[in-house]
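Whatever order the structure lists ligands and atoms in, that order sets their numbers, starting from 1.
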Amino acid sequence: MAGIYIHVPFCSKRCTYCDFFSSTNMQNKETYVDSVVKELELRKEYLSGEGIGTIYFGGGTPSQLDIRAFERIFETISRLYQIDDDAEITLEANPDDMTPGYVEGIATLPFNRVSMGVQSFKDEDLHFLNRRHDSRQAFKAIALCKENGFTNLSIDLIYGLPGQSMEDWQFNLAEAIRLDIPHLSSYHLIYEEGTPLFRQLHAGKVKPVMEELSVAMFTELIDTLADAGYEQYEISNFAKNKLYSRHNSSYWKGIKYLGVGPSAHSFDGKTRQWNVSSMTKYFKGIAAGLPDVEMEELDTKTSYNDFIITGLRTMWGVDLHELQKLYGEELLTYCMKQAAPHLKNGLLVNADSVLKLTRQGIFISDGIMSDLLYV
Ligand code: SF4
């Protein structure tokens, strides 16, 4: 089963830390929907007859699209593909878009999962990040989703904000648990180059949190959620009752997916492709019947490196038999040689021929992964 990702590149206001491709110009929405429908048609052979197990509307802010826009996109997907009866169909949403009428509307569509960019339940954090919503809207949006039958809910929470205390972070985690949200994605604030936040940092206007507090917050995240019955199935993703994000898990498991919309990425098992990150160029390419796409053929080395990174990030780990089957004896030997010091130091474990990060290893996962890469 393959996946389809639709990138919805509209945000009514830009958050200061974000480097995703999106625009605050809403005038192009209609052209955008026409183009997505046409791109789905143009690239219908990309997944070569595979059934669809997951559909994910990400952004940007997908909840900036109206119900009719989704209907048109779903009609196109259903006409072109065989969608699995049990498919996971996710809408990423911003809390302030989730009005009673809108949530009722999306409940009539094939969506069965909502992932909400809550980020924090504290207004001062949301204000600092230049988010559009406040905590009251976040609580209300979650309640509305539940009332309308969305039980498979996910929220994003950010930690490591300047001025955020451990108590603030504990409050956010406690609220997520109290609200019985079955899936959480939680990331440390990153100062991405080119963002307003990055400029504020370099102008000395914000002070990053101390390293020790960052580590303590990550520890708090892991321990608090484990105590509340969540599995850390990926470094930054936690789920209760096995409600893992099947769409995101398919990225980590090397499953094929088609990405539609400006800046969307695709993977067909042999190549990676990415659409142009420009609304104008995207519209132009689609109108001409020639999507503006760049492509990279994955050689054995790159493919092995992806296999290591995506495997180690998850609780499913790197299957060494699979590694040998896909990349041969030589790369298996290389992997084990590079892994040896980390196995000895307790940062990696080899459990029934599956290589996994230990709890200690999770804290320095980037370094461990880079040691195992073939360069
Ligand atoms: S709403 Fe999401 S995509 Fe839009 S600017 Fe904020 S973080 Fe970025």
Side-chain angles (χ1 to χ4, degrees), residues 5-29 32-33 36 56-66 69-70 90-99 102-103 106 111 113-142 145 153-162 164 172 176 181 183-201 206 236-237 245 247-248 251 259-265 274-279 282:
Y5 173 80
I6 317 273
H7 189 75
V8 184
F10 300 104
C11 293
S12 58
K13 179 173 159 188
R14 293 281 305 169
C15 310
T16 49
Y17 58 99
C18 175
D19 72 341
F20 292 156
F21 177 72
S22 75
S23 161
T24 50
N25 178 356
M26 301 289 162
Q27 314 222 311
N28 290 324
K29 270 193 203 166
Y32 163 80
V33 178
V36 162
Y56 193 104
F57 287 76
T61 316
S63 52
Q64 287 281 305
L65 291 186
D66 59 25
F70 288 121
T90 304
L91 172 74
E92 264 185 11
N94 210 61
D96 66 331
D97 291 330
M98 303 299 261
T99 60
Y102 191 76
V103 182
I106 59 162
F111 292 114
R113 184 172 185 272
V114 174
S115 173
M116 220 158 353
V118 167
Q119 313 308 347
S120 173
F121 290 106
K122 296 221 144 208
D123 286 339
E124 56 271 33
D125 295 345
L126 297 169
H127 181 69
F128 170 78
L129 296 167
N130 203 35
R131 299 287 311 191
R132 296 161 22 213
H133 67 281
D134 58 25
S135 55
R136 191 188 50 82
Q137 287 170 312
F139 288 121
K140 182 90 187 115
I142 291 166
C145 284
L153 274 178
S154 176
I155 62 169
D156 292 354
L157 289 178
I158 297 190
Y159 62 98
L161 308 183
Q164 188 182 34
N172 278 337
I181 308 287
H183 186 281
L184 261 108
S185 298
S186 189
Y187 299 91
H188 194 285
L189 180 69
I190 296 177
Y191 295 84
E192 299 281 5
E193 212 173 325
T195 60
L197 188 65
F198 183 83
R199 289 192 286 280
Q200 286 170 15
L201 175 75
V206 294
S236 309
N237 284 278
S245 162
H247 185 82
N248 289 341
Y251 296 153
V260 174
S263 83
H265 287 227
W274 54 100
N275 287 358
V276 65
S277 294
S278 148
M279 211 77 97
Y282 172 73

*Asks:* Would you please name every residue forming a side-chain hydrogen bond (donor to acceptor under 3.5 Å, both in side chains) with Asp123, sequence neighbours left out?
*Replies:*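 Result, side-chain hydrogen bond (donor to acceptor under 3.5 Å, both in side chains) vs Asp123: Ser135.
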
*Asks:* Go through Met116 and Met98 one step at a time and tell me if the side-chain contact (heavy atoms from CB on, under 4.5 Å) criterion holds.
*Replies:* CA-CA 10 Å; Met116 220 158 353; Met98 303 299 261; 4.0 Å; yes

*Asks:* Looking only at atom types and distance, does a side-chain atom of Lys29 sit under 3.5 Å from a main-chain N or O of Gln64, one as donor and one as acceptor?
*Replies:*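 Yes; judged by distance alone, with no hydrogens or angles, the pair exists.
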
*Asks:* Run the numbers for me: atoms of ligand 1, each under 4.0 Å from some heavy atom of Arg131, listed by number.
*Replies:*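 Checking each atom against Arg131, I get 6 (Fe), 7 (S).
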
*Asks:* Could you point out which residue of Arg131, Gln137, Lys13 forms a side-chain hydrogen bond (donor to acceptor under 3.5 Å, both in side chains) with Asn94?
*Replies:*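 Looking at Arg131, Gln137, Lys13, the match for Asn94 under the side-chain hydrogen bond (donor to acceptor under 3.5 Å, both in side chains) is Arg131.
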
*Asks:* Given 3.5 Å as the limit, does a donor-acceptor pair link the side chain of His133 with the main chain of Val118, or not?
*Replies:*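 Yes: the side chain of His133 pairs with the backbone of Val118.
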
*Asks:* So how far is it from Tyr191 OH to Phe198 CZ, rounded to the nearest 0.5 Å?
*Replies:*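 Between atom OH of Tyr191 and atom CZ of Phe198 there are 11.5 Å.
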
*Asks:* What protein N, O or S atoms come within a distance below 2.8 Å of atom 8 (Fe) of ligand 1, ordered by chain and number?
*Replies:*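 Those protein N, O or S atoms (cut-off: under 2.8 Å from atom 8 (Fe) of ligand 1) are Cys18 SG.
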
